[in-house]
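Just so it is clear, the values below take in all heavy atoms, side chains as well, and ignore hydrogens, waters and symmetry mates. Whatever order the structure lists them in is the order used to number ligands and atoms, beginning at 1.
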Amino acid sequence: MMKIVVEKNYEDLSKVAANLVREEIEKNPKLVLGLATGSTPEGMYKELIRLHKEEGLDFSKVTTFNLDEYVGIEEEHPNSYHYFMKDILFNHINIDMNNTFIPDGQAENPEEYCKKYDKLIEEKGGIDLQILGIGENGHIAFNEPDEELNVGTSIVGLTESTIEANSRFFDSIDEVPKTAITMGIGSIMKAKKIILLANGKKKAPVIKELLKAEKITTKLPASMLLLHHDVTIILDEEAYRG
Ligand code: F6R
């Protein structure tokens with residue numbers, strides 16, 4: 001079931017999302033939390049940091065799994081998702097870094113590594129709450145629209161539109177990796193609860209498509225969420241109305 005929440009603006013969306021995360025951590029301090037990178041959840045991370053610093057929200061027993069990472073750039077690279085997560089969240093809360101997992105874009109044996117990542121999620125008890133953004137092309141994590149979608153964590157090629165969208169973080173479009181490692185649709189669908197966030201006018205067309213979808217299609221990877229029993233979509237007015 002998809003529950004739709006529309007907030008006035010990005011700030012409110014971020015606060016509502018952070019509060020849902022807070023509630024889950026308070027219910028279960030050992031929460032296994034699935035995290036996304038990108039611009040969308042930045043405000044939510046900022047609010048989670050505030051909740052930690054000002055209201056004592058405790059991450060010490062929380063485990064996190066990130067959705068994806070570029071292949072071909074080092075963890076220390078400022079554009080890697082490893083770097084991003086430390087910079088935007090992990091360095092500012094009391095999480096045990098040993099409990100944070102991000103796919104390794106440098107793995108020597110990628111195929112084996114992908115299987116290991118899914119197995120590790122399972123060993124930690126599965127993802128309790130997964131945070132998602134959505135691409136303008138309907139991707140979730142880096143599961144791009146295609147004839148087929150991967151079930152488990154996989155190495156994938158990024159589409160031109162994703163490379164272009166992500167080029168805003170790089171000096172030039174040629175520097176954007178063309179390959180990534182990403183949790184598959186199955187890895188995401190196994191999460192007990194999912195929150196998808198979208199803000200801004202640019203996301204309005206894909207959100208409109210998703211909200212009117214009555215069929216699932218690999219051409220709109222986010223439509224797979226129609227099969228999940230506990231999805232909350234949190235939007236701002238701009239993403240909702242355009
Ligand atoms: C990031 C991820 C992507 C983004 C999506 C939206 O870990 O999995 O699917 O959520 O590309 O990106 P932003 O938030 O930058 O618009």
Pair Arg50 + Glu55: basic N to acidic O under 4.0 Å:
yes
Taking the six-membered ring for Trp, is the centroid-to-centroid distance between Tyr70 and Tyr81 below 6.0 Å?
yes
Counting only heavy atoms closer than 4.0 Å, does ligand 1 sit against the backbone of Arg168, its side chain, both, or neither?
side chain
Protein heavy atom at shortest distance from atom 7 (O) of ligand 1:
Asp68 OD1, 2.7 Å
Check for a donor-acceptor pair, side chain of Asn9 on one end and backbone N or O of Glu11 on the other, with a separation under 3.5 Å.
yes
Short list, please: which atoms of ligand 1 are under 4.0 Å from a heavy atom of Lys203?
6 (C), 13 (P), 16 (O)
Closest protein heavy atom (residue, atom, distance) for atom 1 (C) of ligand 1:
Thr37 OG1, 3.2 Å
For the pair Ile121 and Met183, evaluate side chain to side chain contact (heavy atoms under 4.5 Å, CB included) and give the outcome as yes or no after the intermediate values.
CA-CA 10 Å; Ile121 297 176; Met183 272 166 60; 4.1 Å; yes
Looking at Gln106, is its backbone amide N or carbonyl O close enough to the side chain of Asp104 to form a donor-acceptor pair, meaning the two atoms are under 3.5 Å apart?
yes
Considering Ala198, Gly135, Gly133, which one's heavy-atom position lies nearest to atom 10 (O) of ligand 1?
Gly133
Any atoms of ligand 1 less than 4.0 Å from a non-hydrogen atom of Leu67? List them with their elements.
8 (O)
Atoms in ligand 1 flagged as close to Gly38, the criterion being non-hydrogen separation under 4.0 Å
14 (O), 15 (O)
Any atom of ligand 1 sitting under 4.0 Å from a heavy atom of Lys202?
no
Residue portion contacting ligand 1 (non-hydrogen atoms closer than 4.0 Å) for Ile134
backbone
